[in-house]
Amino acid sequence: VRVNPTGNRYVNRAVKRQKSRAIRKLRGGVRKAFRQGFGAAVHIKDLATVKAYHSERVARFGQDACEALGWKNDDSQRKRFEALLQLGDVSSRSVLDLGCGHGDLYPFLRQHCGVFTYIGVDTMRDFLDVAVARYGKDPHTRFLLSDFSSPQLPVCDYVVCCGALN
């Protein structure tokens, strides 16, 4: 860490470049998986990168904070969820939420759309523990520990991936 002339501390540029490369690599790996189809295996390095990123954020913000998921704050998460309302009415339908984090999309859609079936999928057990504690008793929810490339993902009316690459 160096100090600039005004006295503000900032992170060494090499560290910033390294983080940027890791994020670009992660996003590139996910894009590649989308191009190849969900049956394509996600590379183990990509999963490790995602887990390391979120583990650092959990350590910094706490397990149940929206910032641990990569959101800037609760308001930025809500705005993204509001954009999803334009997809249509999910009442009496099923929604598969890839990278569900804490499952916070469920109560938001429930408030705006009524009753529907929600299945949340995430690779981070810590996040799913929070999701199950919050919403697992609701008979319309189910949470799975898996990644996007799993060929055994359930078939649903709507599939969303909101905020997984924050």
I would like to know whether Val160 and Leu96 meet side chain to side chain contact (heavy atoms under 4.5 Å, CB included); could you show each step before the answer? CA-CA 6 Å; Val160 297; Leu96 177 63; over 6 Å; no

Treating Ile, Leu, Val, Met, Phe, Trp and Tyr as nodes and any side-chain heavy-atom pair under 4.5 angstrom as an edge, say whether Leu105 and Phe127 lie in one connected cluster. yes

Among the clusters formed by ILVMFWY side chains lying less than 4.5 Å apart, do Val132 and Leu109 turn up in the same one? yes

Side chain to side chain contact (heavy atoms under 4.5 Å, CB included) between Cys100 and Val121, intermediate numbers included: CA-CA 6 Å; Cys100 70; Val121 176; 5.6 Å; no

Kindly compute the distance separating [atom1] ([X]) from [atom2] ([Y]), expressed to the nearest 0.5 Å.
X: Leu84; Y: Cys162; atom1: CG; atom2: SG; value: 4.5 Å
X: Glu82; Y: Gln77; atom1: CD; atom2: CD; value: 11.0 Å
X: Ser146; Y: Gln152; atom1: OG; atom2: CD; value: 7.5 Å

Go through the structure and list residues passing side chain to side chain contact (heavy atoms under 4.5 Å, CB included) with [X], not counting sequence neighbours.
X: Ala65; result: Phe61, Glu67
X: Pro107; result: Tyr135
X: Arg142; result: Ile119, Leu144, Pro154

Who passes ring pair (Phe, Tyr, Trp, His ring centres under 6.0 Å) against Phe116, sequence neighbours left out? Tyr106

Does Phe108 have any ring pair (Phe, Tyr, Trp, His ring centres under 6.0 Å) partners at least two apart in sequence or in another chain, and if so, which? Phe81, His112

Residues 109-121 vs salt bridge (charged side-chain N to carboxylate O under 4.0 Å, His left out), sequence neighbours excluded, gives Arg110-Asp138

Stepwise side chain to side chain contact (heavy atoms under 4.5 Å, CB included) test for Thr141 and Thr117: CA-CA 6 Å; Thr141 64; Thr117 301; over 6 Å; no

Does the pair Lys79/Asp75 count as a salt bridge with the N-to-O cut at 4.0 Å? yes

Listed by chain and number, what are the side-chain hydrogen bond (donor to acceptor under 3.5 Å, both in side chains) partners of [X], not counting sequence neighbours?
X: Arg134; result: Asp104
X: Ser55; result: none
X: Asp97; result: Tyr118
X: Gln63; result: none

Can you run down the side chain to side chain donor-acceptor pair (under 3.5 Å) pairs that involve residues 120-132, sequence neighbours left out, and say none if there aren't any? none

To check you understand the geometry: which heavy-atom pair defines the closest contact between [X] and [Y], and what is its length?
X: Ser91; Y: Gly114; result: OG-N, 4.3 Å
X: Phe143; Y: Ala131; result: CE2-CB, 3.6 Å
X: Ala68; Y: His54; result: O-ND1, 3.2 Å

Could you tell me whether a side-chain N or O of Ser94 sits under 3.5 Å from a main-chain N or O of Asp157, the two making a donor and an acceptor? yes

Just to verify, what does Lys51 make a salt bridge (Lys or Arg N to Asp or Glu O under 4.0 Å) with, not counting sequence neighbours? none

Check against side chain to side chain contact (heavy atoms under 4.5 Å, CB included), Met124 and Leu69: CA-CA 10 Å; Met124 296 292 293; Leu69 303 171; over 6 Å; no

